[in-house]
Amino acid sequence: MLVDTHAHLQWGSFDKDREKVISRAREVGVECIVNIGFNLKGSRDAVELAKKHKGLYATVGIHPHNASQFNEKVLNNLKKLCENPRVVAIGEIGLDYYRNLSPRGAQKKTFETQLSLAKQLALPVVIHDRDAHADTLEILSKFKGEITGVMHCFSGSREMAEQCIKSDFYISFTGSITFPNSHKLREIARWIDLNKILLETDSPWLAPQEMRGKRNEPAFLPFIAKKIADLKEISMDKLAAATTENARKIFRLPHLS
Ligand code: NI
């Protein structure tokens with residue numbers, strides 16, 4: 001059994017076949033999917049999906065792209081959504097200096113306010129960091145020892161991974177680990193402790209090499225798992241058991257067997 005710790009099945013590109021996508025995932029052993037919020041509507045939709053399907057969970061949060069839409073009212077709405085027991089984290093939150101779709105000042109403020117929310121509610125966080133490693137670490141360091149979570153689609157250095165692990169964060173890998181030029185990332189996956197690794201598709205984006213160019217979906221997670229098992233020279237069973245246990249721990253999921 002595998003857990004897809006980061007998907008966006010609430011996204012419009014799944015409107016026509018969402019139910020089939022969920023059953024295809026189950027057929028290949030991906031029995032648990034965490035759908036990640038990116039704005040208020042996306043967060044609400046993730047919660048609604050989780051309410052409807054066994055094995056589905058949700059996170060709620062405002063993505064750095066949408067930071068300029070963040071305000072007190074949005075914050076209160078997120079807080080309200082967290083009352084649902086199927087909400088397992090605040091996310092995805094963080095900084096994106098690659099696309100800069102919201103001003104950096106707004107991104108930082110939105111990130112910090114949501115970290116405070118996570119602290120207040122004792123929930124883990126799902127971090128989006130693209131080309132913003134230094135500022136992400138600096139802001140996270142203000143909450144050291146008070147917040148744990150997941151470095152989603154990790155793209156930093158080995159030193160950064162070490163620092164995140166020291167702060168009790170998990171390192172999550174997407175299909176980008178299967179891309180031909182991702183040598184650095186594969187080095188990190190080889191080196192990192194199995195007890196700190198999570199698997200994710202980031203569906204509908206980042207389809208693994210075998211499916212490159214297609215809409216990604218949780219049923220493609222085994223390609224990522226296989227790549228990491230090969231890198232670590234362990235069996236798929238061992239990798240699946242460890243990463244499922246890691247997901248269960250960080251998101252406090254009910255016992256998964
Ligand atoms: Ni995402």
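Whatever order the structure lists them in is the order used to number ligands and atoms, beginning at 1.
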**Student:** Can you name the N/O/S atom of H6 that is nearest the Ni ion (ligand 1)?
**Tutor:** NE2
**Student:** Looking only at side chains, do E200 and S172 share a donor and an acceptor under 3.5 Å apart?
**Tutor:** yes
**Student:** Treating S102 as the side-chain partner and S68 as the backbone partner, does any N or O pair qualify as donor plus acceptor under 3.5 Å?
**Tutor:** yes
**Student:** Considering non-hydrogen atoms only, spot the tightest contact between I36 and T5 and give its length.
**Tutor:** CD1-O, 3.7 Å
**Student:** Quick check: does H128 put an N/O/S atom under 2.8 Å from the Ni ion (ligand 1)?
**Tutor:** no
**Student:** When you measure from the Ni ion (ligand 1) to each N, O or S atom of D202, which atom gives the shortest distance?
**Tutor:** OD1
**Student:** Quick check on the 6.0 Å ring-centre criterion: do H8 and F38 meet it?
**Tutor:** yes
**Student:** Find, among atoms of E92 that are N, O or S, the one nearest to the Ni ion (ligand 1), and state its name.
**Tutor:** OE2
**Student:** Quick one: closest heavy-atom pair of T201 and A7, and the distance?
**Tutor:** OG1-CB, 4.1 Å
**Student:** With respect to the Ni ion (ligand 1), please indicate if H8 possesses an N, O or S atom at a distance under 2.8 Å.
**Tutor:** yes
